[in-house]
Chemist: 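What follows is a structure written as structure tokens; I'll ask about it next.
As the structure is a computational prediction, the values presented were derived from the model and not from experiment. Quick note: numbers below take in every heavy atom, side chains included, and nothing from hydrogens, waters or symmetry partners.
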Amino acid sequence: MASLAASDHRQEQAAQPALRESYRRRPDGAVEISELWRILWHRRFMILAIAGLLAGLALAYGVVTSPLYTASAQLLIDPRDRNVVSNDVNPSSVSPDGGLAQVESQASVIQSTSVLMRAIRATKLAEDSEFNGRGLLSRLLGRVAADPPNADGSLTPAEARTLANLRRKFSVRRADKVFVVDVVVTTKDAEKSAKLANAVAEAYLADQADARSKAATEASDGLTARLDEQRKRVEKAENAVERYRAQNNLVASSGRLISDQQLGEISNQLSAAQARTAALKSQVEQIAQQRRGSGSLAGSSTEAIQSPVVAKLREQEATLVQREADLQSQLGPRHPSIGAAQSQLVTIRRMIATEIARVEQSVRTDYERAQGNEKLLAGKLEALTRQTQGADQASVRLRELQRDLEAARTVYANFLLRAQETREQANLDTTNARIISRAQPPQQASWPPTLPLIAAAGMLGLGLGAGLALIREYAAPHLISRSQAEALVGAPVIAVLRPGKPAAKRRWRLRKPPPVPAETRSEAGFALLRLFNAPETAATAARSLLLTSVESDAGDRERVTDLLAEAAVQQGERVLLIDADLEKELEEAGPGLMDLLRGESSLESAIHFGASKDVAMMSGGRRKAPPQKGVGRTFAMRMLADASRHFDLVVMDGGSLGRNVRIAPLVGMAEEIVLVARLYGTRQQDIVQAMEAARIMGRTITATILVDGSGRG
């Protein structure tokens, strides 16, 4: 009988290979990216609670916080100063970066102590409690006496506190690549913010004007103090030059000695003569070289080519040559006209040679004349040089004295000019900076931005809640989707049920079943069809189905057992329900499953019928001693064989296999092992343990039924 049951079981599994072969178990059961929204939706109340809490805190902060008002004044700072006069005291050259570094430096000047203290004193800000108020710690320590003034003129403690508070509420901003600087002040009063922003901007302009005026005044005073000294140096240098000229009889014309002028003129003439002699010498050597090379007149020299007479004779020669060639081609070489043409050609060539010889002779004559002129000028230069050698010794000292005089005059003139310019610059403001937009009292508070804060807090809360939800899920992962269950278990999900509210007792112990939605009933019926879809001729014995779950899903497992039994009855089948959960506290008094597995009772005496004759129930029976392993498997096969004569489907509630180990013989005989799990409620770790328990008992999970957690009211 054991071999027959095993054969029937193999035939039943072979009838539906396509359904189970498509599911390959993936042990980790990891969450896919597309399923993350299921986790977030399941934890939506926690996420919304966190977002609401942070938004409420932001709202409370916005309500209790004192409003702050921000005012801004705009300054245009051009690194190029106004070119009223030549301004070397405060140079206005633009740096290689276009002046942006200079503007950044001026932004730092606006934040300097001198500018801010000027604004504080102009607005009497040291008397304002918002800026000069003592802190809580100072009041607790008893420091309530007035601050004494400083004898050295430095900042008093009150001014120091006011300056420190102003720095915290004041800022200077500049956008990229512009020369516009924003002076921003934030206080608790709108009028005060605008007043302080304008005061700081005006203090900066006044500070720059004073600084430039002071620099110009100091430079002018320093230059004026040196003018008398420079004037005396010029007079002393002039007297030294005139006295030396008189002593050495050095006569000058137009500022130069006459001997120096003559020597310069002769030297220039000699240079020109030497250049001409060299050029003519080169021409003579070229003519001689051509004559030696060709053995005839040098008709290709530059002078011969440039001669108009030679050029005209060359044209006539070319004409006669062309005429001779034409006559030979027309009349023949012996014609008298050809002889006449040849005679004319000889005459022309003789005239060309005569003209070239004349040109060459002219070049030689010019060369000899240039040599004579060069020798004459060289003699004059030598004589003049001997004459001026004595005067040159005296001229060296004279030129030295003249250089000293020119340097003294230049320095004196520069001192005099700069003293007058800087004296005028002290009264001119050349700073190219101005206020282009005065600060106006703001109409709305800049802080706290209640609505943006609430929106930001809400978004932060949503992100924080989503992060906590994902962390909580990954710390203890649960089943969240059908595909994840199939990947984890390695078996198909044949149904996703919403069985409704839990019943106080098992369904088959009541005369009236609890209300179940029609959709759930239909899904349970389709689950049976998906599970047992073999042809009608495959087997005639009763089909067996054992449901198991983790311990925390016992209620869902019992309701799914009831639904499957009811669905089978509605399909016209007779159903035997077996309560195989032997780990319950109560023990049945009458015979039941354990009695059949020990061989102490028959099937007819262990079952009983309820309101319907199509559904029979079997309890767990008396659990005085578990059956031996081999005996239990034998009687389990016998029980299922006897049940096939009276019932079409045997549905067994197997409890949690990890604890309900006494039904191991029955687990090995069941055709289908179905795991019942709750979406968003069953931990993956518990499912793995249930699968391991089934594997130890010699079976694997063949199908999964999921219970939708949202279906519970």
Chemist: Just so I know, are the side chains of L545 and I673 near enough to count as touching, which here means a heavy-atom distance under 4.5 Å?
Modeler: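 In short, these two side chains do not touch, never coming nearer than 4.5 Å.
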Chemist: Just jot down the side-chain hydrogen bond (donor to acceptor under 3.5 Å, both in side chains) partners of W447, sequence neighbours excluded, or say none.
Modeler: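 Residues passing side-chain hydrogen bond (donor to acceptor under 3.5 Å, both in side chains) with W447: Y61.
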Chemist: So does V178 get a backbone contact from the side chain of R174, meaning a donor-acceptor N/O pair under 3.5 Å?
Modeler: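 Present.
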Chemist: Contact between L547 and V560 at the side-chain level, heavy atoms closer than 4.5 Å - yes or no?
Modeler: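 A side-chain contact under 4.5 Å exists here.
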Chemist: Considering all heavy atoms of both residues, which atom of V650 and which atom of A643 are nearest to each other, and what is their separation?
Modeler: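 The answer is CG2-CB, 3.9 Å.
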Chemist: Which atom names give the shortest non-hydrogen contact between A641 and S644, and what distance separates them?
Modeler: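 Reported closest heavy-atom pair: O-OG, 2.5 Å.
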Chemist: Taking side chain to side chain contact (heavy atoms under 4.5 Å, CB included) as the definition, give me every residue that meets it alongside A554, ordered by chain and number, with sequence neighbours left out.
Modeler: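 Only R557 meet the side chain to side chain contact (heavy atoms under 4.5 Å, CB included) criterion with A554.
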Chemist: Specify the closest pair of heavy atoms between Y69 and P442, including all atoms of both residues, with the distance to one decimal.
Modeler: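 Minimum heavy-atom contact is CB-CG, 3.7 Å.
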Chemist: Using the rule side chain to side chain contact (heavy atoms under 4.5 Å, CB included), only one of V185, V183, T186 pairs with L196; which is it?
Modeler: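 Single pass found, and it is V185.
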Chemist: Within a reach of under 6.0 Å around CZ of F609, are more than 12 heavy atoms found that belong to other residues, nucleotides or ligands?
Modeler: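 Enclosed: over 12 neighbouring heavy atoms sit under 6.0 Å from CZ of F609.
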Chemist: What are the two closest non-hydrogen atoms of L563 and A524, and how far apart are they?
Modeler: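 Heavy-atom minimum between the residues: O-CB, 4.0 Å.
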Chemist: Donor-acceptor pair, S72 side chain versus D182 backbone, under 3.5 Å?
Modeler: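 Side chain of S72 to backbone of D182: no pair is present.
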Chemist: Could R498 and E523 be called an ion pair, given the rule that one side-chain N must be under 4.0 Å from one carboxylate O?
Modeler: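 Salt bridge flag = no for E523 with R498.
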Chemist: Under a 3.5 Å distance rule, please check whether T65 uses its side chain to pair with a backbone N or O of G62 as donor and acceptor.
Modeler: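 Between the backbone of G62 and the side chain of T65 there is no qualifying donor-acceptor contact (under 3.5 Å).
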Chemist: Calculate, to the nearest 0.5 Å, the distance between atoms CG and CD1 belonging to L531 and I494 respectively.
Modeler: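 The CD1 atom of I494 is 4.5 Å from CG of L531, to the nearest 0.5 Å.
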Chemist: Enter the distance from L40:CG to M46:CE here, rounded to the nearest 0.5 Å.
Modeler: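 With rounding to 0.5 Å, CG (L40) is 9.0 Å from CE (M46).
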Chemist: Heavy-atom count around R472 CZ within 6.0 Å, excluding the residue itself: above 12?
Modeler: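 Open.
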Chemist: Hey, are the side chains of D579 and D581 touching, using non-hydrogen atoms and a 4.5 Å cut-off?
Modeler: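 Yes. Closest side-chain heavy atoms under 4.5 Å.
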Chemist: Can you find a heavy atom in the side chain of E130 that is under 4.5 Å from one in the side chain of K169?
Modeler: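 Contact flag for E130/K169 side chains = yes.
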Chemist: Side-chain donor-acceptor pair under 3.5 Å between D553 and T682, yes or no?
Modeler: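 The criterion, which ignores hydrogens and geometry beyond distance, is satisfied for T682 and D553.
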Chemist: Donor-acceptor pair, distance only, cut-off 3.5 Å: does the side chain of R662 make one with the backbone of M594?
Modeler: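 Checked: no pair found.
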Chemist: Which pair of heavy atoms, one from A197 and one from A71, lies closest together, and at what distance?
Modeler: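 Residues A197 and A71, closest heavy atoms: CB-O, 4.1 Å.
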Chemist: Identify all side-chain donor-acceptor contacts of residues 567-576 below 3.5 Å with residues at least two apart in sequence or on another chain.
Modeler:
| from | atom 1 | to | atom 2 | distance (Å) |
| --- | --- | --- | --- | --- |
| Q571 | NE2 | G525 | O | 3.2 |
| E573 | OE1 | R543 | NH2 | 3.1 |
| E573 | OE2 | R543 | NH2 | 2.4 |
| R574 | NE | H646 | O | 3.1 |
| R574 | NH1 | H646 | O | 2.7 |
| R574 | NH2 | H646 | O | 3.4 |

Chemist: Do V707 and L679 make a side-chain contact, defined as non-hydrogen atoms from C-beta onward lying under 4.5 Å apart?
Modeler: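 In short, these two side chains do not touch, never coming nearer than 4.5 Å.
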Chemist: When rounded to the nearest 0.5 angstrom, what is the spacing between CG in L657 and CD1 in I701?
Modeler: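 Here the interatomic distance stands at 6.5 Å.
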Chemist: Check step by step if side-chain contact (heavy atoms from CB on, under 4.5 Å) holds for I663 and N660.
Modeler: CA-CA 6 Å; I663 66 168; N660 197 19; 3.3 Å; yes
Chemist: Under 3.5 Å, is there a donor-acceptor pair between the side chain of R638 and the main chain of F635?
Modeler: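 Such a contact is absent between R638 side chain and F635 backbone.
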Chemist: Look up atom CG in L640 and atom CZ in F647, then write down how far apart they are to the nearest 0.5 Å.
Modeler: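 Reported value, rounded in 0.5 Å steps: 12.0 Å.
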Chemist: Given the rule in the side-chain contact (heavy atoms from CB on, under 4.5 Å) test, do M618 and M639 qualify, once you have shown the distances and angles that lead to the verdict?
Modeler: CA-CA 12 Å; M618 178 187 297; M639 180 191 70; 4.3 Å; yes
Chemist: With sequence neighbours left out, what residues match S522 under side chain to side chain contact (heavy atoms under 4.5 Å, CB included)?
Modeler: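 Listed in chain order: nothing, the list is empty.
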Chemist: Does a side-chain heavy-atom distance below 4.5 Å link M691 with T700?
Modeler: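 The answer is no; the side chains never approach within 4.5 Å.
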Chemist: Under a 4.0 Å threshold between the charged nitrogen and the carboxylate oxygen, would R559 count as salt-bridged to D562?
Modeler: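 No, D562 and R559 are not salt-bridged.
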Chemist: Let's go through D653 and E558 carefully: what are the C-alpha distance in whole Å and the side-chain angles of both, what is the deciding distance for side-chain contact (heavy atoms from CB on, under 4.5 Å) to 0.1 Å, and is it a yes or a no?
Modeler: CA-CA 7 Å; D653 183 357; E558 293 175 358; 3.6 Å; yes
Chemist: If we ignore hydrogens and angles and just use 3.5 Å, is the side chain of R167 paired with the main-chain N or O of Q111 as donor and acceptor?
Modeler: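 Here the side-chain-to-backbone pair exists.
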Chemist: What's the separation between atom OG in S129 and atom NZ in K188, rounded to the nearest 0.5 Å?
Modeler: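 That separation rounds to 8.5 Å.
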Chemist: Who pairs with D614 by side-chain hydrogen bond (donor to acceptor under 3.5 Å, both in side chains), at least two apart in sequence or on another chain?
Modeler: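 Counting only residues at least two positions away or on another chain, D614 forms no side-chain hydrogen bond (donor to acceptor under 3.5 Å, both in side chains).
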Chemist: Assess the residue pair L528 and L649 against the criterion (side-chain contact (heavy atoms from CB on, under 4.5 Å)); give the C-alpha distance rounded to whole Å, side-chain angles, the decisive distance to 0.1 Å, and a yes or no.
Modeler: CA-CA 10 Å; L528 289 176; L649 177 64; 4.2 Å; yes
Chemist: Do the non-hydrogen side-chain atoms of S544 and M652 ever get within less than 4.5 Å of each other?
Modeler: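 They are in side-chain contact.
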Chemist: Do L479 and Q484 come within less than 4.5 Å of each other through their side chains, counting heavy atoms only?
Modeler: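 With C-beta onward as the side chain, the pair touches.
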Chemist: So, the side chain of T187 versus the backbone of K192: is there a donor-acceptor pair under 3.5 Å, distance only?
Modeler: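 No, because the side chain of T187 does not come within donor-acceptor range (under 3.5 Å) of the backbone of K192.
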Chemist: Restricting to side chain to side chain contact (heavy atoms under 4.5 Å, CB included), what partner residues turn up for A107, sequence neighbours left out?
Modeler: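 Only V172 meet the side chain to side chain contact (heavy atoms under 4.5 Å, CB included) criterion with A107.
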Chemist: Nearest 0.5 Å please: distance from the CG atom of L451 over to the CG atom of L59.
Modeler: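 Here the rounded value is 9.0 Å.
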Chemist: Quick one: closest heavy-atom pair of S66 and P448, and the distance?
Modeler: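 The pair with the smallest heavy-atom distance is O-CD, 4.2 Å.
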